[in-house]
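Everything below concerns the one structure shown next.
The model shown is predicted, which means the values in this text are computed figures rather than measured ones. Proteins get letters first, then strands, A, B, ... in listed order; numbering begins at 1 in each.
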Amino acid sequence: MSAPLLSVNNIEVIYDHVILVLKGVSLTVEQGRIVALLGANGAGKTTTLKAISNLLRSERGEVTKGYIEYRGARIDRLTPWELVKLGVVQVMEGRHCFQHLTVEENLLTGAFTRSANRAEIRRDLEKVYDYFPRLQQRRKSQAGYTSGGEQQMTAIGRALMAKPSMILLDEPSMGLAPQVVEEIFGIVRDLNQKEGVSFLLAEQNTNTALRFAEYGYILENGRVVMDGPARDLANNEDVKEFYLGLSGAGRKSFRDAKHYRRRKRWLA
Amino acid sequence: MTFFFEVLIGGLLAGVMYSLVALGFVLIYKASGVFNFAQGAMVFFAALTFVGVQEQFGLSFWPAFAVALGAMVLLGVLTEKIVLRPLVNQPQITLFMVTIGLAFFIEGLAQLVWGTNVYPLNLGIRDEPIEAILENFDMVISRFDLVAALVAGVLVAVLAVFFQVTKIGRALRAVADDHQAALSVGIPLKTIWAIVWSVAGFVALVAGLMWGARNGVQFALTFVALKALPVLILGGFASVLGAVVGGLIIGALEKLAAVYIDPPIRGGIESWFAYVAALLFLLVRPEGLFGERRIDRV
């Protein structure tokens with residue numbers, strides 16, 4: 001078996017020299033896969049992504065143990081732009097479009113690290129518009145005035161303009177209507193299949209994420225508590241109960257001691 | 001009526017000089033969202049370096065200009081390296097406080113290197129009425145003011161194109177909107193900041209030369225920056241065009257007020273009218289004429 005596209009090996013992340021957020025996270029993303037990173041609020045999903053994309057340092061976070069490899073080479077000492085040049089781009093949680101730039105200008109900033117000529121960039125721009133026809137209609141409007149879904153599309157399109165082979169996608173579903181979420185995940189799958197872009201996808205929307213991903217990791221309190229093929233995870237009784245809100249026995253009372261013990265065992 | 005136009009044009013041309021200073025603020029504000037308190041000090045530093053090397057080494061205009069520009073670029077790069085880089089992603093107020101410190105540092109440095117004397121600065125443009133206009137229209141328009149206006153016009157045109165059309169310019173605007181997002185798409189913040197501080201240094205140099213030629217190169221140049229404040233409030237902090245239009249309006253208002261309102265009240269109106277005008281304007285349109293409106297999603 002060849003080396004995976006991305007491998008995170010037992011990393012520990014500390015913010016401000018004191019706050020231990022990740023306590024040994026390991027995961028791998030094979031070429032051409034969509035891998036989901038699941039977990040509740042504060043589990044460490046975003047931190048994991050930022051550790052990979054090296055955006056941690058600007059937030060006073062630091063990878064203190066472990067290492068991260070991309071195509072078999074260490075990347076944890078690179079700057080964010082060196083990483084983008086290598087083909088790893090993060091789409092941040094909350095979209096982070098450049099509000100005062102037009103949608104098209106937003107997309108063009110994505111190509112900053114490339115030294116391609118105008119025609120090439122133009123072609124890629126058209127390609128992004130093919131995937132996101134809505135952006136073409138709104139290309140001249142300031143990104144700040146577009147809808148949440150359009151901003152999410154802009155953010156993903158902007159990342160695409162860097163010609164990445166791997167996109168770290170942080171909570172694309174945040175604050176969006178279910179229909180739009182469905183649309184965006186559909187496009188992510190398209191991009192994965194047609195452009196061969198691999199995705200590492202952090203999501204709280206476990207249900208949707210597991211439908212589109214091939215493999216999943218579940219993070220709790222800065223540790224991976226479970227991993228496996230998406231289908232297995234979706235059918236796992238614990239996952240069903242804790243993340244999908246389903247269980248065999250109908251509605252659960254939280255006073256139920258059995259539930260409590262089971263949850264505790266899960267987190268331990 | 002001729003007199004009115006003479007005052008108006010004189011005011012507009014004087015306003016261009018304010019625009020020159022305001023431009024420096026706009027550049028840095030656009031790229032880092034920071035109000036650079038040290039801009040006045042940079043104007044002073046640039047002008048002093050220019051006359052300093054002229055005096056000490058007997059250089060002519062262009063070599064001295066090159067040296068001063070080099071010094072400003074160096075200053076810009078060092079500012080990024082030493083001051084800004086450790087403060088990425090910090091609140092704007094932190095960055096603002098840093099520029100106050102920077103202002104004192106630059107003022108001190110300039111005087112440490114070149115001394116505290118007042119230097120005259122001669123650019124070879126005489127500050128006297130243009131005869132053709134005096135004869136044909138019976139108006140007194142200074143040649144110096146006209147040249148200053150032309151220089152400012154060219155500078156603005158170049159900057160506007162730079163910001164709107166080029167890749168670096170777009171990246172500068174992107175950085176201004178969102179540091180983190182800019183990092184995430186691979187825009188190197190340090191390079192961008194070094195560029196923008198260098199360009200602001202260049203603008204400071206041009207402003208310093210113009211103001212120095214008019215008032216002499218002295219510590220009081222740092223206060224020129226204060227005159228840029230009402231210009232920015234009027235024009236908007238993030239707009240190159242706003243700096244120009246704001247400068248023109250403030251310049252014209254000031255001169256007209258001095259001529260038409262001041263005599264009855266005799267309040268030295270020219271020195272404070274701009275601030276009152278800016279204050280009133282702030283009530284009506286806080287983002288300035290050409291400023292970027294805050295976009296809030298509800």
Measuring from [X]:[atom1] to [Y]:[atom2], what's the distance to the nearest 0.5 Å?
| X | Y | atom1 | atom2 | value |
| --- | --- | --- | --- | --- |
| B:Arg170 | A:Leu101 | CZ | CG | 8.0 Å |
| A:Asn106 | B:Asp177 | CG | CG | 8.0 Å |
| A:Thr102 | B:Arg173 | OG1 | CZ | 7.5 Å |
| B:Thr191 | A:Phe112 | OG1 | CZ | 7.0 Å |
| B:Gln180 | A:Lys50 | CD | NZ | 4.5 Å |

- Engaged part of B:Ala182 at the chain A interface, taking heavy atoms whose separation is under 4.5 Å: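 Both backbone and side chain.
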- chain A heavy atoms under 4.5 Å from B:Leu189: which part of the residue, side chain, backbone, both or neither? backbone
Crowded around [X] [atom1]? As in, over 12 foreign heavy atoms under 6.0 Å?
| X | atom1 | result |
| --- | --- | --- |
| B:Arg85 | CZ | yes |
| A:Gln179 | CD | no |
| B:Phe104 | CZ | no |
| B:Phe37 | CZ | no |
| A:Arg74 | CZ | yes |

- For chain A, the option from B:Ala238, B:Ala174, B:Ser184 that forms the most heavy-atom pairs under 4.5 Å: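 With the most close heavy-atom pairs to chain A, the winner is B:Ala174.
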- Under a 4.5 Å heavy-atom criterion, the part of residues 152-171 of chain A in contact with chain B comprises A:Arg158
Chain B contact via [X] - side chain, backbone, both or neither, heavy atoms under 4.5 Å:
| X | result |
| --- | --- |
| A:Thr109 | both |
| A:Glu82 | neither |
| A:Leu83 | neither |
| A:Arg60 | side chain |

- Message: Given A:His96, which partner from the list B:Val185, B:Asp178, B:Leu183 fulfils the side chain to side chain contact (heavy atoms under 4.5 Å, CB included) test?
- Response: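 The side chain to side chain contact (heavy atoms under 4.5 Å, CB included) with A:His96 is passed solely by B:Asp178 among B:Val185, B:Asp178, B:Leu183.
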- Is there a side-chain contact (heavy atoms from CB on, under 4.5 Å) between B:Lys167 and A:Arg114 once you walk through the steps? CA-CA 11 Å; B:Lys167 178 170 154 185; A:Arg114 293 169 55 194; 5.8 Å; no
- So, for B:Ala181 and A:Phe98, which heavy atoms are closest and what is the spacing to 0.1 Å?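 Between these two residues, the closest heavy atoms are CB-CE2, 3.7 Å.
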